[in-house]
Amino acid sequence: MKIELCKDIEKFDVEVILVKNLKSLEKDLKNVLKNLGFSAEEGSSIFLNDLKKMFVGTNKLKDEDLKITLSQVIKEIKKYKFKKVKISLIQEKELDLKTLVEGLILGEYTFDKYKSKKNKFKCEVLIDIEDSIKTSEQLVLELENTKTICKSVNLTRDIVNTTPEDYYPKTMAKTARKIAFKNDLECKIYGEKYLKKNGMNAMHAVGRASRHESQLIHLTYKPKNSKGKVVLVGKGLTYDSGGLSLKSGTGMISMKCDKSGGSAVLGIMNALKYLEYPYEVHGIVGAVENMIGGDAYKPDDVLIAKNGTTIEVRNTDAEGRLVLADCLCYAQDEIKDIDYIFDMATLTGACIVALGEYTTGVMGHSEKLKKKILKASNESGELVGFLPYNRYLPSLLQSGVADITNAASSRAGGAITASMFLDKFIKKENKNKWLHLDIAGAAYKEKAWGYNAFGGSGAGVRLILNFIKNLK
Ligand code: BES
Ligand code: ZN
Ligand code: ZN
């Protein structure tokens, strides 16, 4: 879909008009619409062929409601096969361009790589900016930045939706190389030999039974006058069968989504150069496949992580924290003077139980940092909920044979104990700089929701880009 800003648009197939209620329309038109049964109810729409106008009812002309409405509009337009669409930025009041464009681009997304019939229809949206109170320069910048962000969300969605047969650790490394090349990023990629040599035994163990070699990916965006350093660590389980603690048949369905954290990191790294953010950003992804086989790691094994912590494996399905543990150690060993360090992972089913399917669970020590993420959540529209630590839960991770176990002795509070496990791998000086984001719910759904299609949502991309944008 092409989106352009214009003034005096004369040629178009259809004009989209968002109406709060019929009162704002002129009498004749109001009567026509009334007679056709259109009452401007939220989400309802009507197309008047003679006038080439599509009226869309919406009481709330802002934020997420507007995005959802626009996602419905664009689907409708594609259904009717209109090629040129006019939308005026000034409706009853000026719409927020970013919101409008996000609704259109994110709402238009479909994943048809594996469908025999592809939807090739493309339309052009002309946004009439006549009478906007903003300058053309401001609006163009806003449009282009929003396009960049949405493209990166859709890139993340594509990665997540690709099958484990087609997308394995080396594929993820290939994507990272491509992103690095396109955006002038530094790119380091390491295989299993490096993991073994550098004591990353926890990450190495998880991928041992797979026919696909694990990959440690490290991308760096270095702007000229950097004001600080942000480190992002993503769980990139290209498939999670559960390992020897095998998942059930239904539990395994959709576990291609277990690379969502790493995919979000790649999406974010793909946007930074264009957005010209003045922060150095490191994107680290542990790309691994958790499988079964003669060489699989086992419950009862004790693994020594990169920072020397010994881990008793009690459940091979709690593999994400093992991969992240070593990746977090790698990040803190390799990168000095970190200002912020976030990990993103589809880490626990317990997080979905705690917060529901749509909300990212955020955990960490710093209330100040959580407030910053909350601001980014409100601005981006990505939902977050905070899960609290307490003094009693860490004992659930006690092990009889090692320093810690990878599976807590109770399922209760599972999202929090998983985060407490990761905390063992955060250096003292970084405790208040770190947040753990459990995106198990928000990252993937086998149904469409809001302006998200079936499958990957790109959770984390807009949230973190918004966070970085807000840094002073
Ligand atoms: N990848 C899963 C978590 C998950 C569940 C993501 C549902 C997306 C949707 C993770 O590796 C896992 O299996 N976690 C276990 C941990 C348990 C064994 C301690 C879980 O949540 O049950
Ligand atoms: Zn698992
Ligand atoms: Zn997993």
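Remember, it's 1-based here, ligands and their atoms both numbered in the order they're listed.
At under 3.5 Å, a nitrogen or oxygen of Asp240, whether backbone or side chain, sits near a nitrogen or oxygen of ligand 1. At under 3.5 Å, a nitrogen or oxygen of Glu319, whether backbone or side chain, sits near a nitrogen or oxygen of ligand 1. At under 3.5 Å, not a single nitrogen or oxygen of Met255, backbone or side chain, sits near a nitrogen or oxygen of ligand 1.
Neither side chain, Tyr239 nor His212, offers a donor N or O lying under 3.5 Å from an acceptor on the other. Side chain to side chain, Ser245 and Thr316 meet the donor-acceptor criterion of an N or O pair below 3.5 Å. Side chains of Asn119 and Asp112: a donor-acceptor N/O pair is absent below 3.5 angstrom, by distance only. Using a 3.5 Å distance cut-off with no hydrogens or angles, the side chains of Asp326 and His204 do not pair a donor with an acceptor. Tyr114 and Thr163 form a side-chain donor-acceptor contact under 3.5 Å, judged by distance and modelled atom types alone. Side-chain contact of Lys182 with Asn270: a donor-acceptor pair under 3.5 Å is present, judged by distance alone.
A salt bridge does not link Glu319 to Arg321: none of the charged side-chain nitrogens sits closer than 4.0 Å to a carboxylate oxygen. Taking the charged nitrogens against the carboxylate oxygens, Lys235 and Asp258 do have a contact shorter than 4.0 Å, which makes a salt bridge.
Restricting Asp240 to its N/O/S atoms, the shortest distance to the Zn ion (ligand 3) is reached by OD2. Atom OD2 is the N/O/S atom of Asp258 found closest to the Zn ion (ligand 3). Atom OE2 is the N, O or S atom of Glu319 at the shortest distance from the Zn ion (ligand 3).
Here is the list of ligand 1 atoms found below 4.0 Å of a heavy atom in Lys247: 2 (C), 12 (C), 13 (O). Each of the following atoms of ligand 1 lies closer than 4.0 Å to a heavy atom of Thr346: 1 (N), 2 (C), 3 (C), 6 (C). Less than 4.0 angstrom separates some heavy atom of Asn315 from each of these atoms of ligand 1: 18 (C). Of all the atoms in ligand 1, the ones that sit under 4.0 Å from a non-hydrogen atom of Lys235 are 1 (N), 10 (C), 11 (O).
At a threshold of 2.8 Å, the Zn ion (ligand 3) has no backbone or side-chain N, O or S atom of Leu237 nearer than that distance. Distances from the Zn ion (ligand 3) show that Asp317 has no N/O/S atom below 2.8 Å.
Looking at Asp317 against ligand 1, both its backbone and its side chain come within 4.0 Å, counting heavy atoms.
Both tests pass for Lys81 against the ring of Phe121: distance under 6.0 Å to the centre and angle within 45° of the axis. Taking the ring axis of Tyr109 as reference, the NZ or CZ atom of Arg157 stays within 45° of it and closer than 6.0 Å to the ring centre.
Nearest to atom 20 (C) of ligand 1 among the protein's heavy atoms is Gly349 N, 3.9 Å. Looking at atom 10 (C) of ligand 1, its nearest protein heavy atom turns out to be Leu347 O, 3.3 Å. Counting only heavy atoms of the protein, atom 22 (O) of ligand 1 lies nearest to Arg411 NH2, 3.8 Å. Of the protein's non-hydrogen atoms, Asp258 OD1, 2.8 Å is the one closest to atom 1 (N) of ligand 1.
Note on ring orientation: taking the six-membered ring where Trp is involved, the planes of Phe454 and Tyr444 are perpendicular (angle over 60°, cut-offs 30° and 60°).
Residue contact annotation: Arg321 has a non-hydrogen atom under 4.0 Å from ligand 1.
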